[in-house]
Amino acid sequence: MGKEGKTDLSSRDDLMGKIVALCKRRGFIFQSSEIYGGINGFWDYGPLGVELKRNLKNIWWEDVVRKRDDIVGLDAAIIMNPKVWEASGHVGGFSDPMVDCNKCKARFRADRIFTVIGRVGDDVIVSAGVEADSDLSARDKVLIEANSKTRHKIDHYRDQIKWVMFSADKVPPNEKALCPLCEGELTEARKFNLMFKTSIGAMEDSSSVAYLRPETAQGIFCNYKNVLDTSRVRPPFGIAQIGKAFRNEINPRNFTFRSREFEQMEIEFFCHESDADKWYEYWRDARYKWYIDLGLTSSRLRLRDHEKEELAHYAASCADIEYDFPFGISELEGVANRTDYDLKKHQEHSGKDMTYFDDQTKERYIPYVIEPSGGVDRAVLAFICEAYTEDEAPNDKGKMQKRVLMKFHPRLAPIKVAVFPLVKKEGMPEAARKIYDDVLASGLTCFYDEKGAIGRRYRRQDEAGTPFCVTVDGQTFEDQTVTIRDRDSLKQDRIAADKVVEYVRERIG
RNA sequence: GCGGGCGUAGCUCAGUGGUAGAGCGCCACGUUGCCAACGUGGCUGUCGUGAGUUCGAAUCUCAUCGCCCGCUCCA
């Protein structure tokens with residue numbers, strides 16, 4: 001990280017560096033397996049981070065499942081029958097071997113790139129890389145495209161030339177595959193399958209192969225019939241799930257933003273085709289508002305409708321909810337109209353009937369699916385970036401000093417209340433302990449601290465994002481009141497000691 | 001995956017071949033009467049990891065892991 005000569009870009013980088021440092025310093029997020037040198041793309045949530053993340057998931061679950069009568073929950077297994085991933089297209093689609101050019105850095109599908117070499121003895125008369133359907137058509141293409149000098153040579157040696165043709169995924173020993181664009185050397189063919197593979201049972205043979213799910217959605221689609229048959233729901237209705245998913249990303253980046261193990265919070269909302277557009281718009285707008293209500297400012301948050309060309313093959317429409325991170329604008333959640341694509345695919349592959357029969361209209365149909373699918377870790381990171389604030393506060397001599405605070409929405413804050421004795425004597429610790437016990441008993445997260453100067457204790461809570469700090473002082477013993485300090489404004493109210501829980505609850509909302 | 005930069009205490013970093021450092025932090029005791037106070041004492045290191053060169057490596061070489069930036073990729 002640069003120390004000086006900051007451009008706009010590097011000061012944004014610096015901001016991300018400060019956020020990463022604070023996350024570690026205060027125990028929000030650690031790198032996985034750090035003592036062994038870490039492991040790329042995996043992260044651990046520390047004591048404050050796990051509270052923050054859990055708060056976020058609980059609020060989501062409350063808002064989309066418990067407070068609604070049209071959505072039910074689900075917790076599906078991470079490992080599913082491998083046929084699920086054939087039906088979803090995850091096994092077939094992303095496993096083509098690819099090659100890169102070492103020189104011009106272009107990337108190609110290995111089985112589509114051929115190298116053609118013509119030799120007389122050990123002399124190479126012609127060698128070229130070419131994109132083609134077969135080795136013979138590749139040679140023809142090379143002959144047609146050859147320049148006049150090369151053509152001359154080829155004609156001259158005609159019957160003596162020994163041809164070698166091969167695709168970039170089947171390079172013979174001692175040969176090298178060539179780039180069709182720049183004639184540079186190509187890398188070995190590599191398979192780019194995003195799914196983590198494992199095996200079931202003690203013996204690792206091919207019959208036992210299984211995958212860690214690359215998305216949670218398929219667990220919902222596979223249980224759609226079970227839920228319909230057991231939960232007395234009928235379209236329009238949704239199934240919600242929070243769970244881990246795994247993708248063997250080529251290039252994990254940007255702290256926890258793109259990691260190989262991550263958590264999704266996802267709804268699959270089933271409705272009639274004729275209502276699909278209406279529900280799509282409903283969920284797109286509702287999900288956008290959800291983030292704003294939890295404290296992401298609308299200037300950094302944006303809702304972006306996908307262009308027609310940008311849509312995945314299964315989606316009729318799609319919108320991204322994006323956040324302007326210090327490293328750039330990136331997606332938090334996607335809301336898509338997936339049509340009846342998924343249920344149809346599972347009906348085809350499993351042979352099981354996925355239709356719904358509507359008793360009132362006497363219509364039988366496969367429902368359309370609206371999918372609001374959010375990344376939990378991405379949302380946590382967005383709230384962390386949003387909360388990170390530097391301002392100035394006076395020290396004990398009234399001089400302004402830099403202060404770092406995390407302005408979490410009180411609902412998200414890992415610790416809701418901290419309780420301090422002003423000094424460690426005259427019974428103040430005991431009185432503060434009692435208040436601490438009361439707050440804990442109420443179910444609010446609370447932190448007790450009597451170490452060091454009062455100002456230091458306030459600042460420590462500022463970095464943890466604790467919205468309220470309660471202090472027991474001399475006056476507490478005269479009129480049973482305490483001061484309660486607001487994290488953002490630094491203002492203090494004096495309230496009755498037994499009203500702390502009530503005061504905080506009112507402001508958490 | 002490619003190219004570049006970086007990796008030293010919990011954090012920020014200094015240290016260009018000769019006994020591992022500073023500031024902050026953390027812990028204890030005292031002091032302290034509302035915003036990173038003060039005093040005294042204390043703790044903290046596989047110098048990312050492994051190998052090599054050398055009498056001697058944090059320092060030079062190679063490999064490897066991790067982080068950052070750009071490209072690439074992105075169901």
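Just so we're on the same page: letters track the sequence lines, and every chain starts at 1. We use all heavy atoms of the structure for the numbers below, so side chains are in, but hydrogens, waters and symmetry mates are not.
Taking the centre and axis of the six-membered ring of A/Y288, the NZ or CZ atom of A/R284 falls outside the cone set by 45° and 6.0 Å.
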Please write out each protein N/O paired with an N/O of nucleotides 43-46 of chain B under 3.5 Å, distance rounded to 0.1 Å.
from, atom 1, to, atom 2, distance (Å)
B/rU46, O4, A/I35, O, 3.1

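Here A/I454 contributes atom CD1 and A/D473 contributes atom CG; the two are 9.0 Å apart, rounded to the nearest 0.5 Å.
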* Asked: Which nucleotides of nucleotides 23-34 of chain B have their base under 4.0 Å from a protein heavy atom (B), which only their sugar-phosphate (S), and which neither (-), written as one string 5' to 3'?
  -> --SSSS---BBB
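Spacing of C1' atoms, B/rG50 relative to B/rA57, comes out at 14 Å, to the nearest Å. Rounded to whole Å, the separation between the P atoms of B/rU44 and B/rA9 comes to 14 Å. Separation of the P atoms belonging to B/rU59 and B/rG15 is 15 Å when rounded to the nearest angstrom.
Aromatic ring orientation, A/F468 versus A/Y503: perpendicular (interplanar angle above 60°, classes split at 30° and 60°).
If you measure from atom NZ of A/K24 to atom P of B/rU12, you get 8 Å, rounded to the nearest angstrom. Whole-Å rounding puts the A/N40 CG to B/rG48 P distance at 19 Å.
Within the shown strands, B/rU61 is the pairing partner of B/rA51 under the Watson-Crick or G-U definition, both distances less than 3.5 Å. The nucleotide B/rC35 finds no pairing partner, because no Watson-Crick or G-U wobble arrangement with both distances shorter than 3.5 Å includes it.
Considering only residues two or more places apart in sequence or on other chains, A/D277 meets the salt bridge (charged side-chain N to carboxylate O under 4.0 Å, His left out) condition with none of them.
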* Can you check ring-ring contact (aromatic ring centres under 6.0 Å, His included) on A/Y323 and A/F325, steps first, answer last? -> CA-CA 6 Å; A/Y323 182 74; A/F325 287 94; 5.0 Å; yes
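Enclosure of atom NZ in A/K197 is not indicated, since only 12 or fewer non-hydrogen atoms of other residues, nucleotides or ligands lie within 6.0 angstrom.
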